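Take a look at the structure below.
Within every chain, numbering begins at 1; the chains are lettered A, B, ... in the order of the sequence lines, protein sequences first and strands thereafter. All values reported here derive from a predicted model rather than from experimental measurement.
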Protein chains: 2
Amino acid sequence: MLNDIIFYSLDKTIKQYRQFAQANIDRAGFDITIDQWLVLTVIGESPELGQAEIADRVFKDQASVARIIELLVKKKLLHQTASQTDRRRIVRKLTKEGKQLLEAVAPIISRNRAIALNELEPAAIDQLRDTLETIFTNCRFAHKLANEPVSD
Amino acid sequence: MLNDIIFYSLDKTIKQYRQFAQANIDRAGFDITIDQWLVLTVIGESPELGQAEIADRVFKDQASVARIIELLVKKKLLHQTASQTDRRRIVRKLTKEGKQLLEAVAPIISRNRAIALNELEPAAIDQLRDTLETIFTNCRFAHKLANEPVSD
DNA sequence: TTTTATTTAATGATATATCATAGATTTGCT
DNA sequence: AGCAAATCTATGATATATCATTAAATAAAA
């Protein structure tokens, strides 16, 4: 049974959460995806980050972040201008609409999380976090080990 | 900190696992994605299932399954013929190559899982499964409640 | 100061996710 | 039988994921 496979449970759970959380945002009438919201939030908190650094934080690919940013700009939630000091870089700034949208969506996100964690003791959540962290570390270690086998 | 948010941890962990697991399949020289492998496995076990039922089992969308199947056929891992008894349906059958690939990849998948769960007690894994199941149920319940508010 | 290496963003190609809908077929109801 | 509802696959549109590569600019090295 697929449910016995822990990675299937992980995948299933995160997908169900996303579906539920996105539906609540949609229902409230906001035109933004969870991923866009996440990237916009990070930029709002740290506007000086480059795409690769944003990608690191949200655990996405640089290319994915680039395309999400493109959409955020198209939606006029984010404003970009070329940096004067380093012309490879781009200076990002949330628009007024961007800030307002973040604020408006924040309580929905909080509520979603609370509902999802309903009936779970704080200890169980801590334990979940720890276990996930262990799995993450195991995978990352093995992945890096295989990809960079010899250090010179 | 994003790491405090349990759904970020979930997302991050599953992504790291996928990356690591896929890299091992690639490195072994097999031309198949984890998702394709999953769908192929389910079809191998239950060839009578329709796209929607397969989608249910692997927790994907029917449309996603349709496109994954399309690729499996293109790769000659799967064979399809129109059903004689119900011409909406399609009879699926793994090709010899499909079966061989599944067998060849199986030990890699097992090893990936074992590595990912390294140092975790069985009790911790059970607990993880339970907690994920609770979150899943919470989200599904809330989602259904909102989408089908009145039962007639 | 040229050359080389690195950084940054953009983009092509392909795979998957999601929602919606179309088209064909079958089933259920009357 | 005849129509409506349900079923099944295919596909369009858009968003995201992933890998690879390019182009431009800067930093580091020779």
(request) State plainly whether one hydrophobic cluster holds both Leu71(A) and Leu101(A), where clusters connect Ile, Leu, Val, Met, Phe, Trp and Tyr through side-chain heavy atoms under 4.5 angstrom apart. (result) no
(message) Go nucleotide by nucleotide along DNA chain C from the 5' end; which of Asp61(B) and Arg87(B) gets its closest nucleotide reached first?
(response) Asp61(B)
(message) Reading DNA chain C from 5' onward, which residue's closest nucleotide shows up sooner: Ile68(B) or Glu70(A)?
(response)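 Nearer the 5' end of the strand: Glu70(A).
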From [atom1] of [X] over to [atom2] of [N], roughly how many Å is that when rounded to an integer?
X: Gln84(A); N: dA25(D); atom1: CD; atom2: P; value: 13 Å
X: Leu71(B); N: dA13(C); atom1: CG; atom2: C1'; value: 13 Å
X: Asp35(A); N: dT18(D); atom1: CG; atom2: P; value: 11 Å
X: Ile14(A); N: dA17(D); atom1: CD1; atom2: C1'; value: 15 Å
X: Ile90(A); N: dA25(D); atom1: CD1; atom2: P; value: 12 Å
X: Asp26(B); N: dT14(C); atom1: CG; atom2: C1'; value: 13 Å
X: Leu40(A); N: dA15(D); atom1: CG; atom2: C1'; value: 16 Å
X: Arg18(B); N: dC19(D); atom1: CZ; atom2: C1'; value: 16 Å

(request) For the residue pair Ile115(A) and Tyr17(A), establish whether any side-chain heavy-atom pair is separated by less than 4.5 Å. (result)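 No - every pair of side-chain heavy atoms lies 4.5 Å or more apart.
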(message) Any donor-acceptor pair, under 3.5 Å, between the side chain of Gln62(B) and the base of dA10(D), if you only look at N and O atoms?
(response) yes
(request) If the plane angle is over 60° it's perpendicular, under 30° parallel, otherwise tilted; pick one for Phe20(B) and His143(A). (result)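 Phe20(B) and His143(A): perpendicular rings.
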From C-beta outward on [X], which listed nucleotide comes closest to its side chain: [options]?
X: Lys15(A); options: dT16(C), dT9(D), dA17(C); result: dA17(C)
X: Gln51(A); options: dT27(C), dA10(C), dT16(C); result: dA10(C)
X: Arg67(A); options: dG12(C), dA25(D), dT9(D); result: dG12(C)
X: Gln36(A); options: dT16(C), dT16(D), dT11(D); result: dT16(D)
X: Ser64(A); options: dA9(C), dT7(C), dA17(D); result: dA17(D)

(message) Check the phosphate of dC8(D) against Arg89(B), side-chain N and O only, distance under 4.0 Å to OP1 or OP2. Yes or no?
(response)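 For dC8(D), OP1/OP2 do have a side-chain N/O of Arg89(B) under 4.0 Å.
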(message) Let me spell it out: for each of Lys75(A) and Thr85(A), pick the nucleotide of DNA chain D with the closest heavy atom. Which residue's pick is nearer the 5' end?
(response) Lys75(A)
(message) Checking side-chain polar atoms at under 3.5 Å, does Arg140(B) have a donor or acceptor matched by the opposite partner on Gln16(A)?
(response) no
(message) Applying side chain to side chain donor-acceptor pair (under 3.5 Å) to Lys93(A) and Gln80(A), what does each step give before you reach the verdict?
(response) CA-CA 6 Å; Lys93(A) 196 171 182 310; Gln80(A) 298 196 129; over 6 Å; no
